[in-house]
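All residue numbers refer to positions in the sequence shown, counting from 1. All values reported here derive from a predicted model rather than from experimental measurement.
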Amino acid sequence: MNWRSARLIASVVVLTLGQPRAGLPQEPSPIAEVKSILREASALTPMIEAHQRWAVAANIAAQQTRAGDDEGALTSRSSANAPVGGVAYSLAVQGRLPEALQLIAPMPDGQEKALAYWQLTQGLLEVGKYDDALLVARLISKDPKEADRSLDILMQIYSAQWKAGDRQAAAATLSEAIKLAQRSPEIQSSRFRSLGQSVLIGSRRAAMYERVVHELALAGNRDDARTVVSYISDMAAQERDSEKKNGILSTLAEAQADIGNFAAALRTAEPLKSAYNGEGIFQPIAMEQARQGDVAAALATLARVPQGSAFVALLGMSRTLSDLGNYAGARAAVDKINDPGQRASALASLAFEQAVKDPAGAKLNVTLAWKLAQEARDKAPSYVFQNSVTLVAAARARMGDFAGSLEIINGPDLLNKAWPLACLVQGMVEAGNKDEALALARSQDAPLARADALLQIARSLMYQIETANNKAGPH
């Protein structure tokens, strides 16, 4: 055999081995399977109740765009007149900013357009396109009513630039944010009111300054944070209307807490306590005390809050601490909740948050949550019991207790199974049980539950694809 004959035979062998064998079913590619699952979910949206349909369609369309199925995304959006923000986000992640801007630009000015732009910036921030995010933030700021949203984006960009070590760019973004707060039209609004108490009038500009202070403090830039706190203090000193002045002072107390000056924050807030809702005044201070590591002081601050208002504050503190990984502190806050039904809900929420990093603690908390929920089911309002049961099912799913989660989902107690079912199928896909997850999703009679479960399966598979591609790197 000469070399030409050998090469020809080798080519035939390679071609033969590389071709699908006739008559055998072929597995779809991972991305093709994702697209197929999403189209299956999209086909269910007309059967979902109108008030829920648009959100489901928007989420499906966003994921279809991320998977490269623009035609399917258009069909999904059109079927429910769904918002475009999620699609814009996915386009941004893919580097398709001009298309995203073209999608949003024709919309009339207002909250929906600003929200779509905000979602677009979240995609840009995810891929580190800070200059592009600045461009979009400026588009939002053209609508004076949406300046607050623009400011939030500017401070997100600032934080990312500061974290990346680009101090010059961060300083420029901070300057732009402060100028935006200064030029935005002042708006007074009622911040909070309890029965028999006065209305506390909030200042928009003071609140914008406080958001700047909060982000500066989180970034570790205490010097600039203190400077902006002084702007709020000056506003309070210059205000002659007592009601407006008290609103600014309440915001000043939050800003003082942001920079760790809790003694000053409590001094500022204390005179407002008798006339206004103590929860609204002291809760932000307690949240910061907890976030900055002093749980005991935070609980002492919340002791100033009227007992009937304590649940929301304690739940907020628990979530703040669990976000930081301080599960012991979070549990200490939950244990201060007196109502058994509400404590069950808070325990289940904590278990859900700690499931991945502290599975042993999560198991203890979810077990106690289920016990308390069952004991309080006939005493607590139905929505409290439903919230507890929903969170227990979701926490079990996240912990890998698929059988325990499914027991609740298929049982008589749970009225709305869509979200815990989505958590369950996500866990099943992550554990390598994709086919079982699909079978479970497709077995659901309710269109919303089935569509949400299919969407979550597709999202989890898409995450796996993107993770594998990122590890492989550019080709």
How far does CG of L391 sit from CD of E353, to the nearest 0.5 angstrom? 9.5 Å
Backbone of A219 reached by a side-chain donor or acceptor of W162 within 3.5 Å: yes
Is any side-chain heavy atom of D69 closer than 4.5 Å to a side-chain heavy atom of L38? no
Value for CG (L174) from NZ (K179), rounded to nearest 0.5 Å, stands at 10.5 Å
Tell me whether E466 at atom CD has more than 12 heavy atoms from other residues, nucleotides or ligands lying less than 6.0 Å away. yes
Pairwise side-chain contact, L216 with I259, heavy-atom cut-off 4.5 Å (strictly under): no
Rounded to the nearest 0.5 Å, what's the gap from CG on L151 to CZ on R204? Could you check? 9.5 Å
Counting only heavy atoms not in R96, do more than 12 sit closer than 6.0 Å to its CZ atom? yes
Say whether, by atom type as modelled, one donor and one acceptor occur between the side chain of K113 and the main chain of A105 under 3.5 angstrom. yes
Could you measure the distance from the NZ atom of K417 to the OG atom of S405? Nearest 0.5 Å is fine. 11.0 Å
Using every non-hydrogen atom in the two residues, find where A298 and A286 come nearest and quote the distance to one decimal. CB-O, 3.4 Å
Taking the side chain as C-beta and beyond, is there a heavy-atom pair between S150 and Y117 under 4.5 Å? no
Do Q63 and S90 pair up side chain to side chain, a donor and an acceptor below 3.5 Å, judged on atom types alone? no
Between D358 and K363, does any side-chain N to carboxylate O distance fall below 4.0 Å? no
For L414 versus I408, what's the shortest heavy-atom pair and its separation? CB-O, 3.8 Å
L120 versus L97: any side-chain heavy-atom pair under 4.5 Å? yes
Could you give me the CA-CA distance, side-chain angles and deciding distance for Q354 and S322, then say whether side chain to side chain donor-acceptor pair (under 3.5 Å) is met? CA-CA 7 Å; Q354 71 186 131; S322 65; over 6 Å; no
Around Q111, counting heavy atoms of other residues, nucleotides and ligands shown, do more than 12 lie under 6.0 Å from its CD? no
Test side chain to side chain donor-acceptor pair (under 3.5 Å) applied to Q386 and N416, step by step: CA-CA 8 Å; Q386 283 300 314; N416 186 349; over 6 Å; no
Could you walk me through whether L101 and L139 pass side-chain contact (heavy atoms from CB on, under 4.5 Å), step by step? CA-CA 10 Å; L101 292 172; L139 290 175; 4.0 Å; yes
Flag the pair F282 / E270 as yes when at least one side-chain heavy-atom distance between them is below 4.5 Å, and no otherwise. yes
Spacing of CD belonging to Q283 relative to CD belonging to E288, to within rounding of 0.5 Å: 12.0 Å
With a 4.0 Å cut-off on N to O distance, would you call R343 and E375 a salt bridge? no
Taking 4.0 angstrom as the limit, do E146 and R149 come out as a salt bridge? yes
Nearest heavy-atom pair of A255 and V213: which atoms, and what distance? O-CG1, 3.8 Å
After noting the C-alpha distance and the side-chain angles of E215 and D258, does the key distance pass the side-chain contact (heavy atoms from CB on, under 4.5 Å) rule? CA-CA 9 Å; E215 292 300 326; D258 288 334; over 6 Å; no
Side-chain contact test, heavy atoms from C-beta onward, threshold under 4.5 Å: evaluate it for R331 versus L368 and give yes or no. yes
Look at the side chain of S318 and the backbone N and O of L314, then say whether any donor-acceptor pair between them is shorter than 3.5 Å. no
Output, in order, the C-alpha distance, side-chain angles, deciding distance and verdict of side-chain contact (heavy atoms from CB on, under 4.5 Å) for Q94 and L91. CA-CA 5 Å; Q94 294 175 330; L91 289 170; 4.2 Å; yes
For the residue pair V56 and A451, what are the closest heavy atoms and their distance? CG1-CB, 4.3 Å
In terms of side-chain geometry, is the basic nitrogen of K245 or D241 positioned less than 4.0 Å from the acidic oxygen of its partner? no
Does I285 reach the side chain of E254, with side-chain heavy atoms less than 4.5 Å apart? no
Qualifying residue, where the test is side-chain hydrogen bond (donor to acceptor under 3.5 Å, both in side chains) with Q256 and the options are T251, N261, T268: T268
Is the side chain of Q161 donor-acceptor paired with the backbone N or O of R167 at a distance under 3.5 Å, no angle test? no
Are the side chain of T227 and the backbone N or O of D223 linked by a donor-acceptor pair below 3.5 Å? yes
Under the criterion side chain to side chain donor-acceptor pair (under 3.5 Å), I'd like the reasoning laid out for Q156 against T121: C-alpha separation, chi angles, the key distance, then a yes or no. CA-CA 10 Å; Q156 283 183 286; T121 63; 5.0 Å; no
Under a 3.5 Å distance rule, please check whether S141 uses its side chain to pair with a backbone N or O of R138 as donor and acceptor. yes
Between A67 and V34, what is the shortest heavy-atom contact and its length? CB-CG1, 4.0 Å
Pair E430-Q464, side chain to side chain donor-acceptor pair (under 3.5 Å): steps then yes or no: CA-CA 9 Å; E430 291 172 354; Q464 292 176 354; over 6 Å; no
For W370, does the six-membered ring have the charged nitrogen or CZ of R396 within the cation-pi criterion, i.e. under 6.0 angstrom from the centroid and within 45° of the normal? yes
When you compare the side chain of Y158 with that of L154, does any pair of heavy atoms fall below 4.5 Å? no
Verify side-chain contact (heavy atoms from CB on, under 4.5 Å) between M155 and R211, making sure each step is shown before the conclusion. CA-CA 8 Å; M155 292 312 298; R211 287 200 289 277; 5.9 Å; no
Do any N or O atoms from the side chain of S175 and from the backbone of A171 form a donor-acceptor pair under 3.5 angstrom? no
Looking only at heavy atoms, the pair that brings V429 and S460 closest together is CG1-CB, 3.8 Å
Has W419 got more than 12 heavy atoms of other residues, nucleotides or ligands less than 6.0 Å from its CH2? yes
Distance in Å, Q426 CD paired with R398 CZ, rounded so as to fall on 0.5 Å steps: 8.0 Å
What I want to check is whether the side chains of Q456 and R459 have a donor and an acceptor closer together than 3.5 Å. yes
